[in-house]
Chemist: 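Sharing a structure with you now.
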Amino acid sequence: MDTSEFKEIFAAEARDYLQSLNDDLLRLENDPSNSDILDEMFRAAHSLKGMAGTMGFRELAEFTHEMESVFDLLRTGSLTATQEVVDVLFQAVDTLELLLEATIDGSPIAYHEQITQRLRSLTSAPPTPSSSRSVGELDAGFKLNEFDRETIKQGKEQGLNAYAAEVSLRPNTLLKSVRVFTVFQALENIGTIVKSDPPAQDLEEERFDLDFSLLILTRESAQTVQQVIEGISEIDAVKVYSINLEQTPTPNIEAAAAQEELQVEFPTGEGSQLVKTTQFQQRSGDKYVRIETERLDKLINLVGELVISRTQVIEIMRDVVDTEQKSAADQLDRVTTELQHAAMSLRMVPIKQVFDRFPRMVRDLARASQKEINLEIYGEDTELDRSLVNQIGDPLVHLIRNSIDHGIEPRDVRIARGKPTAGTVRVGARHEGSHIVIAVEDDGGGLNVEKIRAKAIERGLLPSDVGEISKQTAIDLLFQPGFSTASVVTDISGRGVGMDAVKSVIESMSGTIEIETEPEKYLRTVIKLPLTLAIIKALLVVADGATYAIPIQAVRENLQITRDQIKTVQQHDVIVLRDEILPLYDLAECLGFTPLQPEQDESLSVIVMETRGQKAAFIVEDLIGQQEIVIKSLGDLIGEVKGIAGAAVLGNGQVALILDNSTLLR
């Protein structure tokens, strides 16, 4: 069977399992005795191994099997989740991620024998005295909880036997879920299935390899149960164990059938029946559907074209008098707007995809820096455009690294300042109008203005005789290329890839970044991004006869002025707006065209723009108004043009260039 067409689906599901293993390991480190966590990890590794085996990825399946063996020992109590064991498992998950990416890309598999041997050493180590097997735990992969034990005990009066059946399907079985369903049906004809491993839902969705186990209550003997299962096609092997609550399962089938039968007691009320706690139900519709991003992008582009056509229709209908035609045009406008919002929501994904990688990263950085750090995350369900999610990860990683290395103080310093010994890093997101606000905050030492001043003088960014500098000046210096206050280069920071790189990425996404700080108390970095980059609101203006679009978030206001309101400061035109002096430019001249030549008494249309706290006023020939526009790239033929962010097709069919406000204000 050709599995190449399923590779992308496999990769997506495998990455989900890897993220789940990472999250569960972090939980296990704080709660080593939690059996639910261990069960989840075992199921994730078991499912991943089965998927890899089905796809024919032998090395991936074999390495996952080694991890699965360790998880099995942990959940059965034969191995204790010490710090050393958890560290080995973290390394194994990292190696598994590298193996997965190499397998998907078809690149050479990296050497991983060392970590494989470490996993094997855990499975071959003698059990510790504290890790003895608890009563009621089955070799078949079950743990009997109180409900299961009570169910078995209550069957005694009805003369039922309890068996654990281990079933193996033949290799290359295509419809595994169908075979499992057939086994369920056959066994339910002679008894009741109490439990399955993996759970029934995983079996239905084929999230298992070739093996599964069932706990069954029946009046039949173990030999009969085995014969019933073996009578089903594509069954490779069957083992049936008799369950004794006081002893471990007995693998000898004949002995199990001959020994005194354990009966189950049920309440003796009228109509009391044995309840089938596990039902193999018809599969309901899946909540999610995986779609290729190429198809999704095509749909978004077509909706964008529809938005352009809608604008053209509305332009045409402005001069139409017929009420019925106007009503139809209004309905088209409403439906198209709803379709546009629905299509844009398809691009929206939770920022949780980015935040999920931080707990593991903070854990590793805290250990490397020998600091105690708590990570708090909020707003992970906040949604933003998929293209932004793919870009925002690296800037946030850099900010968190800075918080841990530069922000959070060493333990003795925190104690001296009356702070808790454990530092706190908070990462959160929230919606604010048509933007998303992401904040990274730590309760560390804040900005050391004097240290920044000294470093700036050392690098020639400030004159050597400069006195004290303001907090805002210190913040501005942080955004200088290559600026770093780290005295020693570490694996965490200090390599000169500073905040300027973060700022550059944020601005490329039409976003802003601000820093708020209080010495010895906190430092907070706030990032503000538009929800989407595909369709934006823009102000349409005319300069030298051509129409241009300016992103509305950069426009602070527009006004009319007269020539006598224009002043000159150091040979530059300025205007005074509410006691604030703003530089004044001609937009056409800035773009390299003929500047506007108005009459002496003619009023001038001016727009005020702001980027990174800098404001400037621009004279334009005319103001057309606001309009939603679909951003189109300029294409490979033209490439990137300084000052131009893209183009848009207007309702009249005219193409308008979208101005890059950050470039205009530099």
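Please read all numbers here as calculations on a predicted model, not as lab measurements.
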Chemist: Do Val437 and Thr382 pass the side chain to side chain contact (heavy atoms under 4.5 Å, CB included) test, and can you show the C-alpha distance, the side-chain angles, and the key distance before you say yes or no?
Modeler: CA-CA 10 Å; Val437 177; Thr382 306; over 6 Å; no
Chemist: First locate atom CG of Leu375, then atom CD1 of Ile400, and finally report the distance between them rounded to the nearest 0.5 Å.
Modeler: 6.5 Å
Chemist: Is the number of heavy atoms from other residues, nucleotides or ligands under 6.0 Å of Lys298 NZ greater than 12?
Modeler: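 No, because the 6.0 Å sphere around NZ of Lys298 holds 12 heavy atoms or fewer from other groups.
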Chemist: Where is the tightest heavy-atom contact between Leu596 and Val620, given as atom of each residue plus distance?
Modeler: CD2-O, 4.0 Å
Chemist: Show your working on salt bridge (Lys or Arg N to Asp or Glu O under 4.0 Å) between Arg15 and Glu101 and close with a plain yes or no.
Modeler: CA-CA 9 Å; Arg15 291 184 185 112; Glu101 297 306 325; 3.0 Å; yes
Chemist: Would you check if the side chain of Glu516 reaches a backbone N or O of Arg524 as a donor-acceptor pair within less than 3.5 Å?
Modeler: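 Between the backbone of Arg524 and the side chain of Glu516 there is no qualifying donor-acceptor contact (under 3.5 Å).
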Chemist: Rounded to the nearest 0.5 Å, what separation is found between the CD1 atom of Ile515 and the OG1 atom of Thr525?
Modeler: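 Ile515 atom CD1 to Thr525 atom OG1 measures 4.5 Å (nearest 0.5 Å).
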Chemist: Between Lys471 (side chain) and Pro519 (backbone), is there a donor-acceptor pair under 3.5 Å?
Modeler: no
Chemist: Side chain of Thr336, backbone of Asp333: donor and acceptor closer than 3.5 Å?
Modeler: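 Such a contact is absent between Thr336 side chain and Asp333 backbone.
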Chemist: As an exercise, state the distance from CG of Leu388 to CD1 of Ile351, rounded to the nearest 0.5 Å.
Modeler: 9.0 Å
Chemist: Ser504 side chain to Asp500 main-chain N or O, any donor-acceptor pair under 3.5 Å?
Modeler: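 Looks like no, no N/O pair under 3.5 Å.
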Chemist: Could you check Phe358 against Val425 for side chain to side chain contact (heavy atoms under 4.5 Å, CB included), going step by step and ending with a plain yes or no?
Modeler: CA-CA 11 Å; Phe358 296 153; Val425 176; over 6 Å; no
Chemist: Mark yes or no for whether Glu380, through its side chain, and Pro350, through its backbone, hold a donor-acceptor pair below 3.5 Å.
Modeler: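 Absent.
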Chemist: Backbone N or O of Ile404 within a donor-acceptor pair of the Lys371 side chain at under 3.5 Å?
Modeler: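 Yes, Lys371 side chain to Ile404 backbone: donor-acceptor pair under 3.5 Å.
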Chemist: If we check side-chain contact (heavy atoms from CB on, under 4.5 Å) with Ile392, which of these qualifies: Ile436, Val505, Ile438, Val397?
Modeler: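 Result: among Ile436, Val505, Ile438, Val397, Ile438 is the only option passing the side-chain contact (heavy atoms from CB on, under 4.5 Å) with Ile392.
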Chemist: Under a plain distance cut-off of 3.5 Å, with no hydrogens placed, do Arg453 and Thr473 share a side-chain donor-acceptor pair?
Modeler: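 Per modelled atom types, Thr473 and Arg453 side chains form no pair under 3.5 Å.
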Chemist: Within a reach of under 6.0 Å around CD1 of Ile581, are more than 12 heavy atoms found that belong to other residues, nucleotides or ligands?
Modeler: no
Chemist: Would one find more than 12 heavy atoms of other residues, nucleotides or ligands at under 6.0 Å from atom NZ of Lys352?
Modeler: no
Chemist: Would you say Asp586's side chain and Pro595's backbone share a donor-acceptor pair under 3.5 angstrom?
Modeler: no
Chemist: Donor-acceptor pair, distance only, cut-off 3.5 Å: does the side chain of Thr562 make one with the backbone of Leu604?
Modeler: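 Flag not set: sc Thr562 to bb Leu604 has no pair under 3.5 Å.
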Chemist: Looking at Arg360 and Asp94, does any basic side-chain N land under 4.0 Å from a carboxylate oxygen?
Modeler: yes
Chemist: Does a side chain donor of either Asn301 or Glu305 reach within less than 3.5 Å of an acceptor in the other side chain?
Modeler: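 No pair is found: no donor N or O on one side chain lies under 3.5 Å from an acceptor on the other.
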Chemist: Is Glu557 salt-bridged to Arg578, cutoff N-O under 4.0 Å?
Modeler: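 Yes, Glu557 and Arg578 are salt-bridged.
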Chemist: Would you give the length of the straight line joining atom CZ of Phe355 to atom OH of Tyr378, rounded to the nearest 0.5 angstrom?
Modeler: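 Rounded to the nearest 0.5 Å, the CZ-OH separation comes to 8.0 Å.
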Chemist: Counting only heavy atoms from other residues, nucleotides and ligands, does the tally under 6.0 Å from CD of Glu376 exceed 12?
Modeler: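 Atom CD in Glu376 is crowded, with more than 12 foreign heavy atoms closer than 6.0 Å.
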Chemist: Taking all atoms of both residues into account, what is the closest heavy-atom pair of Met317 and Lys326, and its distance?
Modeler: O-NZ, 3.2 Å
Chemist: Could you give the distance from CG (Leu559) to CD1 (Ile607), rounded to the nearest 0.5 Å?
Modeler: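 Going from CG on Leu559 over to CD1 on Ile607, the span is 10.0 Å.
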Chemist: Could you give me the CA-CA distance, side-chain angles and deciding distance for Lys419 and Glu409, then say whether salt bridge (Lys or Arg N to Asp or Glu O under 4.0 Å) is met?
Modeler: CA-CA 10 Å; Lys419 295 182 177 182; Glu409 313 97 323; 2.7 Å; yes
Chemist: Distance-only, no hydrogens or angles: does the Thr517 side chain make a donor-acceptor pair with backbone N or O of Leu447 under 3.5 Å?
Modeler: yes
Chemist: Flag yes if more than 12 heavy atoms outside Gln560 fall under 6.0 Å of its CD atom; otherwise flag no.
Modeler: yes
Chemist: For Arg401, is there any backbone N or O sitting under 3.5 Å from a side-chain donor or acceptor partner on His406?
Modeler: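 No; judged by distance alone, with no hydrogens or angles, the pair does not exist.
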Chemist: Mind checking the CD-OG1 spacing from Gln627 to Thr547? Nearest 0.5 Å is all I need.
Modeler: 10.0 Å
